[in-house]
Number of protein chains: 2
Amino acid sequence: MNENILKSTDLKTTKSRLAILLILEKSSVPMTAEDIYSIVVKDVHMSLSTTYRTLGTLSEKGILLKNLSRDGKTYYQINSHQHKHQLVCTLCNDVVPIDGCPLTKLEENLTQQTGFTITGHSLEFFGICPKCTKHIKE
Amino acid sequence: MNENILKSTDLKTTKSRLAILLILEKSSVPMTAEDIYSIVVKDVHMSLSTTYRTLGTLSEKGILLKNLSRDGKTYYQINSHQHKHQLVCTLCNDVVPIDGCPLTKLEENLTQQTGFTITGHSLEFFGICPKCTKHIKE
DNA sequence: GTGGCTGCAAAACCTTTGCACACAA
DNA sequence: TTGTGTGCAAAGGTTTTGCAGCCAC
């Protein structure tokens with residue numbers, strides 16, 4: 001229940017927040033503020049700035065993951081607390097999640113080599129999906 | 001000589017382009033258009049839009065690498081044609097280059113699993129550099 | 001009732017673009 | 001000369017913010 005998520009982080013339960021969480025839970029793919037807004041307004045009265053503010057708040061609390069993508073837009077997704085990466089088609093923007101993360105070991109090495117305390121990384125693969133590959137050839 | 005680089009890509013040799021290339025060659029770290037502009041204008045008369053246009057052109061030609069970073073700004077650097085990644089301090093923005101890329105093998109696996117034609121990836125590590133770690137503790 | 005949440009509009013921010021002029025080849 | 005490159009100013013798109021009113025607790 002999403003109310004509990006909000007309560008556990010000292011956030012008030014509001015229609016906007018619940019609606020946004022619901023949309024993101026249903027989505028298997030990261031979404032932009034605009035994406036989310038355009039869906040939510042159909043059911044709940046909400047402004048775009050509230051969407052941004054809510055997404056910001058939820059990200060700060062660690063409920064969402066916030067990600068600036070190659071197209072200059074910020075994408076949000078539920079933080080499943082599983083470390084994930086994704087593969088993005090540069091033509092149709094299709095997104096495929098990738099299991100596992102090959103970088104844990106590398107991070108250990110880096111810590112030793114650089115003295116950095118490593119707090120995270122961003123990894124995204126780009127390519128052309130099977131559908132688009134087909135379109136090109138035709 | 002940078003003139004040769006420009007000639008080899010059918011670009012005219014202009015003061016702006018040479019100045020920008022010179023700055024980026026001297027820099028060990030990726031820079032924003034604003035960064036570059038503020039340095040170049042001291043010597044050469046140039047507008048910010050020319051900076052953007054030039055950086056865009058040089059990136060298209062593969063002379064520069066263009067990278068949208070976490071802070072929402074676009075960073076440019078000389079394309080050394082070596083596949084590189086970097087480690088960024090989230091406090092002071094210090095950047096440390098990383099040798100080698102552990103992802104080649106993973107890309108092969110992904111191609112088989114997803115049918116994507118993989119064209120590239122972006123990988124950045126984040127952490128706190130030794131200097132900042134020290135500051136925090138003090 | 002009170003402080004956090006929201007709507008609206010305006011601004012901020014980085015980046016791109018239109019058009020006329022300037023300059024490299 | 002010719003077409004590419006440039007300056008200036010204005011617009012573009014996404015995201016943030018100020019302020020007054022509203023609502024969850």
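Given the structure is predicted, the values throughout are model-derived calculations rather than measurements. Every chain is numbered from 1 and lettered A, B, ... according to where its sequence line falls, protein lines coming before strand lines.
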Hey, does the side chain of [X] come within less than 4.0 Å of [N]'s phosphate (OP1/OP2), counting only N and O?
X	N	value
Thr50(A)	dT6(C)	no
Thr57(A)	dC5(C)	no
Tyr52(B)	dT15(C)	yes

Which distance, rounded to the nearest 0.5 Å, do you find between the CG of Leu110(A) and the CD of Gln113(A)?
5.5 Å
Starting at [atom1] of [X] and ending at [atom2] of [N], how long is that distance when rounded to a whole Å?
X	N	atom1	atom2	answer
Leu21(B)	dG5(D)	CG	P	13 Å
Leu68(B)	dG13(D)	CG	P	18 Å
Asp10(B)	dA24(C)	CG	C1'	14 Å
Tyr37(B)	dT16(C)	OH	C1'	16 Å
Asn67(B)	dC14(C)	CG	P	17 Å
Tyr75(A)	dT14(D)	OH	C1'	12 Å
Lys7(A)	dG4(C)	NZ	P	18 Å
Ile36(A)	dT15(D)	CD1	P	10 Å

From the list Ile5(A), Leu55(A), Leu24(A), side chain to side chain contact (heavy atoms under 4.5 Å, CB included) with Ile63(A) holds only for Ile5(A)
So for the helix from dG1(C)-dC25(D) to dA25(C)-dT1(D), with five pairs setting each end axis, what is the inter-axis angle to 10°?
30°
For the side chain of Asn79(A) and the backbone of Gly62(A), is there at least one donor-acceptor N/O pair under 3.5 Å apart?
yes
Are the side chain of Arg17(A) and the backbone N or O of Lys12(A) linked by a donor-acceptor pair below 3.5 Å?
yes
Positions of residues 11-20 of chain A (non-hydrogen atom under 4.0 Å from DNA chain D), listed by number:
Lys12(A), Thr13(A)
Can you see whether Ser47(B) engages Thr50(B) through a side-chain donor-acceptor pair at a distance of less than 3.5 angstrom?
yes
Could you pick out which residue, Thr74(B) or Thr51(A), lies toward the 5' side of DNA chain C when each is mapped onto its nearest nucleotide?
Thr51(A)
Establish whether the base of dC8(C) is bridged to the side chain of Ser49(A) by a donor-acceptor pair shorter than 3.5 Å.
yes
Under-3.5 Å donor-acceptor pair between Arg53(A) side chain and dG4(C) base
no
Of the nucleotides dC8(D), dT14(D), dG7(C), which has the atom closest to the Ser47(B) side chain?
dC8(D)
Let me spell it out: for each of His45(B) and Glu34(A), pick the nucleotide of DNA chain D with the closest heavy atom. Which residue's pick is nearer the 5' end?
His45(B)
By the 4.0 Å heavy-atom rule, please label Thr32(A) as base, sugar-phosphate, or nothing.
nothing
If you define the side chain from C-beta out and look only at heavy atoms, does anything of Ser59(A) sit under 4.5 Å from Tyr76(A)?
yes
I'd like to know whether Asp35(B) forms a side chain to side chain contact (heavy atoms under 4.5 Å, CB included) with Thr32(B), so could you lay out the CA-CA distance, the side-chain angles of the two residues, the decisive distance to 0.1 Å, and finally the verdict.
CA-CA 5 Å; Asp35(B) 292 339; Thr32(B) 66; 3.0 Å; yes
